[in-house]
Structure formats: C-alpha cells, structure tokens
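What follows is a set of notes on a single structure, which appears directly below.
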Amino acid sequence: MTITTLDKPSAKPLLDWYDRHHRDLPWRVSPDMAARGVKADPYHVWLSEVMLQQTTVQAVKPYFARFLERWPHVTDLADADNDAVMAAWAGLGYYARARNLKKCAEAVAREHGGVFPNTEEGLKSLPGIGDYTAAAVAAIAFNRQAAVMDGNVERVISRLYAIATPLPAAKPLMKEKVALLTPAARPGDFAQAMMDLGATICTPKRPACSLCPFRDDACQALKLSEPELFPVKAAKKEKPVRYGAAFIAVTGDGEILLRRRIDSGLLGGMTEVPTSAWTARIDGEVSTAAAPFDAAWQACGTVIHVFTHFELRLSIWRAAIAAKISTNDGWWEPVTNLEAQALPTVMKKAIATAIPLAFKTSKG
DNA sequence: TAAACGTGGGA
DNA sequence: TTCCCAAGTTT
C-alpha cells in the first residue's frame, strides 16, 4: 500500500500556495484567468521569458508593453526593422538577446508558418532559446511536463534537498529533482509557482520560511535551520578596470556624430559615439588621439560604467564645431532625436555628460 | 568548462 | 558605499 508522507516535497502544497499568492504579471495567465478559459499566448510567453533572462520583473514591464504595442504578433516582429528592434531594446542590456529575438521571430514566421514549435526540443533549436526558455515556454504556453530550472528554482531546490555541491556543478542533480517534482497537471503553473516562491519567499537573503508551503517537513535546509547556506556557489572573480575616451561632437545645428558598433561582441549592433579602444591600462596621458577628427576637444568629465565582467572609465570629450565634418563611418543625428536611437546606457551617460540636456533624465 | 555578455535596484 | 544579483544563452 502506498503511504503519502509530508516529509517529501510535493507539488500540491506549492500549487495551492500559488493559487492564493501568485503575482499578477502582464504576460501571465493567472489561475483565475485560466479558469475563465484564457489561454497563454506563446508569443507573449516567449517574449517575456527572453526579456526576463537575467533581468528583473520591474525592468521588463515597460519594455514588454512597448514591444507588444508596436509588434502585436510574432510576424510583426519578424517584419520589423533590425535597428528599430535594437532601439526598442536599448537600456535593457544583454543585447545579443535582441539580435536573437529578431532571428527567432524570423525563423518562427518563415520556417514554422508563424506558429511557435510546441515542444521543448523544437523551441530549443531556435535562436536565443536555451534549456531554461525552451522548458518555460513548453510548460507555460503548451502545458508540457517540462522541467523548468532558473536561478529561483535552483535556490528553492538546493534548499529543499540541502544540496551542498556548489553551482554550477550541482545543476544536473537539481534538474533531476525538479523533473521528479514537476506534475503532469499544471506544469506551467508549477514552474511559475517555483519562480514566484523563489522571488518572494525563498529569497537569497532572509527567506520568509514561515510563509513557505514547504515549511512543515519538506525543506531540508530549514530542518538544518540554515536556509541561507544554500545554494553553494563558487567564489567570484575580481573585476578588471578598462579605460577609454569618448568624443561628442556637436554642430551649430545641434547634431552629434554617431556610429554603429559591429554586430558581434559587447553592445553588438548598438549605436555609440566615437570612442577610443577600451584598454586595460592608461598608456601615458589621456588624450584625444582617437578623436574622429581634429577639433577643439574639451574634457568635460568621466563616466564610470560597470559591465558584467569589467569596469569602464570613460573620459568624455566635447567639441563644438561650426558644421558637419565628413567622416568615414557614422552619421550626424539631431540631439532632439536621440531617444529614438539604439543607444546603450553607457553611451547615454557619455552623451549626457557632454550635453546635460540631451535626455529627459540625466541617468539615461 | 569557463568566459563573455548590461543594467538598475535593493540591502 | 559597495556588493549582490535578476525568469540565461552563446561560444
């Protein structure tokens, strides 16, 4: 005879918790909506999942709304102009996501008749869709029993089972545990419940264990009275500093010189002001040697911007010139039209340092 | 396997 | 202030 015990994790208490305490999110079909027959839109689910990669819910919300308003269907995004998509993504970071987003939309439109594949495997073959996103879209949009594992789930699972192996080595074991826990019914809600739990209860610091659906007996980390010990992670590496110069040339007509970065690598495909190379150390004086042309360049400050794997200290130079100077690459853009450009945050900071009124907010 | 790849907000 | 990190993917 089968005996049900409470000391092993079960999806049921979590789903019950989710029914009462789920977050209402713009891209989400909540349980009450599902009960009224509302179905998840794969395009919405996919778009939100890509935007949410390594990005906070709060940051994503306005971008998600603008993308849907401008490109209501995946075929609209497939037909969109590349630079328009990059400009719409500007500020959200990890710009390879935007490049792959566009490629993925094109693949869905042209190779799949405008319909997203409804299996994990089919989704995973698309640009920008990895293990997590494939499982998330399969579960949330297509009700597939896929094991969804993101940073939240890793934290919850590592605590439920008190997994002492450090990340990322522990991922295969964690994935195994998630797969065993994922129910055949409501797999999408289960995945979202795990993520909501990780975001609101099973937080990295000071988890609210008294409110957790696994509080009674299931959580091994809580039994040890040390939930914050999990997950165990490898030590971080030191962040190097790089230096460079950026040049903001302004004409009497109020236009500045911009150019487009190459499609690959850091800020790939985004717009920038001319800059020097970003080198690991200052060789001699900070200078205008890398300026796009000779002019009366004036130093007007330094921008310090922290990327994922290095810190950039950018010396900002400004020159007022009478008229446009012809250059090999780039174009002159009215300062009044900078909001429409694909300018990453670091470039908005650089321009704002030279032209304080260039943007509505000084922080870009 | 490990490094590259952005940003802004909270503690 | 400084550190941490948030629904990861690609190479």
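Order of the sequence lines sets the chain letters (A, B, ...), proteins ahead of strands, with each chain counted from 1.
- Counting non-hydrogen atoms under 4.0 angstrom, A:Pro168 reaches nothing in the nucleic acid.
- Note on A:Gly268: nothing from the nucleic acid sits closer than 4.0 angstrom, heavy atoms only.
- Using a cut-off of 4.0 Å between Lys/Arg side-chain N and Asp/Glu carboxylate O, A:Asp131 and A:Lys171 are scored as not salt-bridged.
- Within 3.5 Å, a donor on the side chain of A:Tyr94 pairs with an acceptor on the base of B:dG6, or the reverse.
- Nucleic acid contact class of A:Gly198 (heavy atoms, under 4.0 Å, all strands): none.
- Salt bridge present: A:Arg261 and A:Glu272 bring a charged side-chain N and a carboxylate O closer than 4.0 Å.
- Among the atoms of the strands shown, only primed sugar atoms or phosphate atoms (P, OP1, OP2) are found under 4.0 Å from some heavy atom of A:Thr133.
- DNA chain C is contacted by both A:Arg23 and A:Pro127; A:Arg23 maps to the nucleotide lying nearer its 5′ end (nearest heavy atom per residue).
- The base of B:dG6 sits with one of its N or O atoms less than 3.5 Å from a complementary donor or acceptor on the side chain of A:Thr55.
- When the side-chain nitrogen and oxygen atoms of A:Gln54 are compared with OP1 and OP2 of C:dA6, none of them lie within a distance under 4.0 Å.
- Using a cut-off of 4.0 Å between Lys/Arg side-chain N and Asp/Glu carboxylate O, A:Asp24 and A:Arg28 are scored as not salt-bridged.
- Per the geometry, NZ belonging to A:Lys239 stands 12 Å off P belonging to B:dT7, to the nearest Å.
- Judged by distance alone, with hydrogens and angles left aside, A:Thr308 brings a side-chain donor or acceptor within reach of the base of B:dG6, the pair sitting under 3.5 Å.
- Comparing atom distances between the A:Val346 side chain and each of B:dT7, B:dG10, C:dA7 picks out B:dT7 as nearest.
- Separating the P atom of C:dA7 from that of B:dA4 is a span of 24 Å, rounded to the nearest Å.
- Picking from B:dG9, C:dT9, C:dA6 the nucleotide with the shortest atom distance to the side chain of A:Gln53 gives C:dT9.
- Residue A:Lys236 is classed as a sugar-phosphate contact, given heavy-atom separations below 4.0 Å to backbone atoms only.
- A:Val306 comes within 4.0 angstrom of a nucleotide base, judged by non-hydrogen atoms across all strands.
- Across C:dA6 and B:dC5, the matching C1' atoms stand 15 Å from one another, rounded to whole Å.
- The aromatic rings of A:Trp278 and A:Phe310 sit tilted, their planes meeting at an angle between 30° and 60°.
- Side-chain atoms of A:Arg155 stay outside donor-acceptor range of the base of C:dA6, with no qualifying N/O pair under 3.5 Å.
- Here A:Ile129 lies in heavy-atom contact (under 4.0 Å) with sugar-phosphate atoms only.
- Under the 30°/60° scheme for interplanar angles, the aromatic rings of A:Phe307 and A:His305 are found to stand perpendicular.
- If you check B:dA4, C:dT9, B:dG9 against the side chain of A:Tyr132, the one that comes closest is C:dT9.
- Distances shown here put a side-chain N or O of A:His305 below 4.0 Å from the OP1 or OP2 atom of B:dT7.
- Taking only side-chain nitrogens and oxygens, A:Thr345 comes nearer than 4.0 Å to OP1 or OP2 of B:dT7.
- Between B:dA4 and A:His309, no contact under 4.0 Å exists linking OP1 or OP2 to a side-chain N or O.
- Heavy atoms of A:Trp46 sit nowhere under 4.0 angstrom from any nucleic acid atom.
- Taking a cutoff of 4.0 Å between a charged side-chain nitrogen and a carboxylate oxygen, A:Arg260 and A:Asp83 qualify as a salt bridge.
- Each of A:Gly128 and A:Leu25 was matched to the nucleotide of DNA chain C holding its nearest heavy atom; the match closer to the 5' end belongs to A:Leu25.
- As rounded to whole Å, 17 Å separates atom C1' of C:dA6 from atom CE of A:Met194.
- Looking at the side chain of A:Pro204, the nearest of the listed nucleotides C:dA6, C:dT9, B:dG6 is C:dA6.
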